[in-house]
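This structure is a prediction, so every number in the text was calculated from the model and none was measured. Note on naming: letters A, B, ... go to the chains in the order of the sequence lines (proteins, then strands), and numbering restarts at 1 for each one. Keep in mind that the numbers below use all heavy atoms, side chains included, and drop hydrogens, waters and symmetry copies.
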Number of protein chains: 2
Amino acid sequence: MVEKRADARRNQETLLDAAAAAFIESGVNVPVRDIATRAGVGVGTIYRHFPTRSDLIVAVYHHQIEACADAGPELLATSATPHLALAAWIDLFVDFLVTKHGLAEALHSDDAAFERLHGLFLERLLPVCARLLEAAAGAGEIRPGVGALELMRGVGNLCIGDRGDPRYDARRMVGFLIEGLRPPRR
Amino acid sequence: MVEKRADARRNQETLLDAAAAAFIESGVNVPVRDIATRAGVGVGTIYRHFPTRSDLIVAVYHHQIEACADAGPELLATSATPHLALAAWIDLFVDFLVTKHGLAEALHSDDAAFERLHGLFLERLLPVCARLLEAAAGAGEIRPGVGALELMRGVGNLCIGDRGDPRYDARRMVGFLIEGLRPPRR
DNA sequence: TTGGTAAACGGAACAGTGTTCCGTATGTTT
DNA sequence: AAACATACGGAACACTGTTCCGTTTACCAA
């Protein structure tokens, strides 16, 4: 493994900061040029460090995604019931998504540029969700046969378009969805 | 009101056909030039007849939207319970959305180009949904205070990304959401 | 210190798409 | 048939993503 040049390392840091700021201000779909200008580098430099938009987004939000993943087992251990743990974890997930403008949309586009983002969610968050689902199903609190992937996609979809719009509260809708997972009443 | 020229009327028809075909083949985000080529006209002609993409989509799907709107009262009159009517109507709505690739996405983008589409849904479908919700709430079958707009946006969102993907069934997720509207169990 | 080399940079250039605009063509009317 | 209004076509512009290469810079060895 060869060491990277000092200027390259410096630029990568600068880019991460610039991207984070740009994402907050203009959403994750902010034009590449804007990020480049903000960082004071050429667009080529961005593509060299982060070949796809996914790579940049992943780099910026990596820690938060990890934190969300880590919270799953913990919630399961400390919650009164698995269903409550599931609901609480989904809440964390929703919080993460709705505070990143455009991220929910990006997550569910089939654009190849978001491949790695997709991959990270699948790799880190999906197993956590699956574990929580399993526990809740095992306790008879939700119907069996609900897939983690479809649940996460559904929840992610529900988060689209929630930008502090008072007429649409993603958390509320997600709450209904999670409630609807319970077994049919007799 | 002045009569339109014959060639203009002819072109409008041709464009509707071409757009409908293009939507089926490539989704509602098919490039304008593709539709123009298909219809054998210049892009200017499209923009003259349909200034925004919304106008074109609305023109193409107008009848189906009307049919969906008309089905609401009918379902309410013939269903065993208001909740069943609501579920059945939402099913129609979902059917409409998932068979039009990209329509659900378009519906929830804030792009100004989809203004009229948004407007038509609000104007025609929203009252129908509100009526069904009211009936169900009145019968105590769902919690009160659920807004028609948020429900329709939620349902629309859940339909995003369902392209016959076996791993994601929008209808199933919507079913859970509607089920979750029921009052909390004691 | 001083080359020499590989790594990294910048930004021009290209590609795809939406949108506008105007010279030209066509239908309509007198 | 002439004159006019309407409509047409597509070039041209704007915006964004992406690639590519001539130039610059950091690093190291002599």
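Counting to the nearest Å, the C1' atom of dT20(C) and the CD1 atom of Ile46(B) are 14 Å from each other. Summarising the geometry, the separation between CG on Asp111(A) and C1' on dT17(C) is reported as 14 Å, rounded to the nearest angstrom. Protein atom CZ of Phe50(B) is 13 Å distant from nucleotide atom P of dA7(D), rounded to whole Å. In this structure, CG of Leu56(A) is placed 12 Å from P of dT18(D), rounded to the nearest angstrom. Spacing between atom CG of Asp55(A) and atom P of dT18(D) amounts to 11 Å, rounded to whole angstrom units. When rounded to the nearest whole Å, the span between CZ of Arg9(A) and C1' of dC9(C) equals 16 Å. Taking atom CG of residue Asp7(A) and atom P of nucleotide dC28(D), one finds them 13 Å apart after rounding to whole Å.
When distances run from any side-chain atom of Lys4(A) to the nucleotides dA8(C), dA12(C), dC8(D), the shortest one goes to dA8(C). Taking the side chain of Tyr47(B) as heavy atoms from C-beta on, and the options dG27(C), dT19(C), dC27(D), the nearest nucleotide is dT19(C). Picking from dA8(C), dG17(D), dT19(C) the nucleotide with the shortest atom distance to the side chain of Pro31(A) gives dG17(D). With distances taken from any side-chain atom of Arg10(A) to the nucleotides dA26(D), dT18(D), dG10(D), the minimum falls on dA26(D).
Side-chain to base pairing of Arg5(A) with dA7(C): one donor and one acceptor N or O lie within less than 3.5 Å of each other.
Between Thr45(B) and Val30(A), it is Thr45(B) whose nearest contact on DNA chain D lies nearer the 5' terminus. Nearest-nucleotide positions on DNA chain D for Asn11(B) and Arg48(A) put Asn11(B) closer to the 5' end. Residue whose closest nucleotide on DNA chain C sits further toward the 5' end, between Val43(A) and Val43(B): Val43(A). For the pair Asn29(B) and Gly44(B), both in contact range of DNA chain C, the more 5′-proximal nearest nucleotide belongs to Asn29(B).
Across Leu92(B) and Ala71(B), no two heavy atoms sit closer than the pair CD1-CB, 3.5 Å.
A heavy-atom distance below 4.5 Å is found between the side chains of Phe23(A) and Leu56(A). Proximity of Trp89(B) to Leu76(B): side-chain heavy atoms (C-beta onward) are nowhere separated by under 4.5 Å. Between Phe114(A) and His108(A), every side-chain heavy-atom pair lies at or beyond the 4.5 Å cut-off.
A distance of 8.5 Å separates NZ of Lys100(A) from CG of Asp95(A), quoted to the nearest 0.5 Å. Between Leu158(B) atom CG and Arg172(B) atom CZ the span is 13.0 Å, to the nearest 0.5 Å.
For the pair His49(B) and dA7(D), the criterion of a side-chain N or O lying under 4.0 Å from OP1 or OP2 is not met.
Between the side chains of Asp55(B) and Thr52(B), at least one donor N or O lies within less than 3.5 Å of an accepting N or O.
Taking a 4.0 Å limit (strictly below) on heavy-atom distances, residues 32-40 of chain A reaches DNA chain D at Val32(A), Arg33(A).
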